[in-house]
Amino acid sequence: MELHPRHAWDLTPAEAVTLQRQLRNEVVADQPIDLSAVRLVAGVDVSVKNERSRAAVLVVTFPGFLLVETAVAERPTPFPYIPGLLSFREGPVLEEAFGRLRAEPDVFLFDGMGTAHPRRIGIASHMGLWLQRPTIGVGKTRLVGVNAPLPEEKGAHVPLIDRGETIGAVVRTRTATHPLFISPGHLADIPSAVELVLACSPKYRLPEPIRLAHKTAGDF
DNA sequence: GCGACAG
DNA sequence: ATCTTGTCGC
């Protein structure tokens, strides 16, 4: 996977925020993903243990979810967890894992937000600038935004709104389970992001690619 | 000042 | 994210 690094990662929290305000202007979040052309989907996840972070990128076929490739990387955790600045904690190890990937996934699913972020540049959007390929943010809990009541049935989804702007969707990927917070990362849009996530979640709450990545990243 | 706050 | 056993429900 050819990467397009945009900047160094060793910044102070204040510098990181300034950088996000600059990079946000390059994020494309209104471009549909052609689902009929998707052949490979990647699931991305990072786990942290004892000051060390491990990243796992799992590539699977779509549909079918057959494993095609696994790329991992491990290194010291460089930045504390600060809401809104997750990419500066997980970005470095993810960059290393992406650099080892030979396959060229059509879409990347991230564990975290895309545009559903205070400055509209969550980790899925941020890394999308490195990948220059469609990325989608899949959050398990809310960072920002409000939403109307969501029906209990699988497939139900309502807009996620922040400061008068629709930044994503709250999606039920399984009946009677907590919903997921979906938002476009880069080179994607809300409708297609919701469609792809649902298409990748045939049985469990989390999309198949992310479930697999989570399992691999957690095996220390 | 108080509450919220991805992983 | 991580620390952790049993337990409720489909």
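This one's a predicted model, so the numbers in the text were calculated from it and none came from an experiment. Below, chain A is the first sequence line, B the second, and so on; all start at residue 1.
The salt bridge (charged side-chain N to carboxylate O under 4.0 Å, His left out) with Glu26(A) is formed by just one residue from the set Arg21(A), Arg120(A), Arg6(A); it is Arg6(A).
Between Arg172(A) and Glu152(A) there is a salt bridge, since a side-chain N of the basic residue sits under 4.0 Å from a carboxylate O of the acidic one. Taking 4.0 Å as the cut-off between side-chain N and carboxylate O, Lys215(A) and Asp45(A) do not count as a salt-bridged pair.
Taken from CZ in Arg24(A) to NE2 in His126(A), the straight-line distance is 13.5 Å, to the nearest 0.5 Å.
The nearest whole Å value for the distance from the CD atom in Glu90(A) to the P atom in dT2(C) is 10 Å. If you take CG of Asp162(A) and P of dC5(B), they are 12 Å apart, rounded to a whole angstrom. In this structure, the CD1 atom of Ile210(A) is 11 Å from the P atom of dA1(C), given to the nearest Å. Remark: C1' of dA6(B) and CG of Leu160(A) are 12 Å apart, rounded to the nearest angstrom. Taking atom CD1 of residue Ile82(A) and atom P of nucleotide dC5(B), one finds them 17 Å apart after rounding to whole Å. Ile182(A) has its CD1 atom 15 Å from the P atom of dA6(B), to the nearest Å. Summarising the geometry, the separation between CZ on Arg205(A) and C1' on dG9(C) is reported as 17 Å, rounded to the nearest angstrom.
With centroids closer than 5.5 Å and planes inclined by less than 30 degrees as the test, Tyr81(A) and the base of dG7(B) pass as a stacked pair.
Secondary structure note: stems in DNA chain B built from 3 or more consecutive Watson-Crick or G-U wobble pairs under 3.5 Å do not occur.
At distances below 3.5 Å, not a single donor-acceptor pair connects side-chain atoms of Asn50(A) with backbone N or O atoms of Arg52(A). Looking at Ser87(A), its side chain never comes within 3.5 Å of a backbone N or O of Ile123(A) through a donor-acceptor pair.
For His214(A), a side-chain nitrogen or oxygen approaches OP1 or OP2 of dA1(C) to under 4.0 Å.
Listed by residue number, Gly139(A), Lys140(A), Thr141(A), Arg142(A), Leu143(A) are the residues of residues 126-148 of chain A with a heavy-atom contact under 4.0 Å to DNA chain B.
Contact annotation for Leu180(A): no contact, since no heavy-atom pair falls under 4.0 Å across all strands.
Residues Ala56(A) and Ala213(A) approach most closely at CB-O, 3.6 Å, considering heavy atoms.
Grouped by direct or indirect side-chain proximity (heavy atoms under 4.5 Å, Ile/Leu/Val/Met/Phe/Trp/Tyr only), Leu212(A) sits with Ile33(A), Leu35(A), Val38(A), Val41(A), Leu58(A), Val60(A), Phe62(A), Phe65(A), Leu67(A), Val107(A), Leu109(A), Ile136(A), Val138(A), Val171(A), Leu180(A), Ile182(A), Ile190(A), Val194(A), Leu196(A), Val197(A), Leu198(A), Leu206(A), Ile210(A).
Proximity of Thr173(A) to Pro207(A): side-chain heavy atoms (C-beta onward) are nowhere separated by under 4.5 Å.
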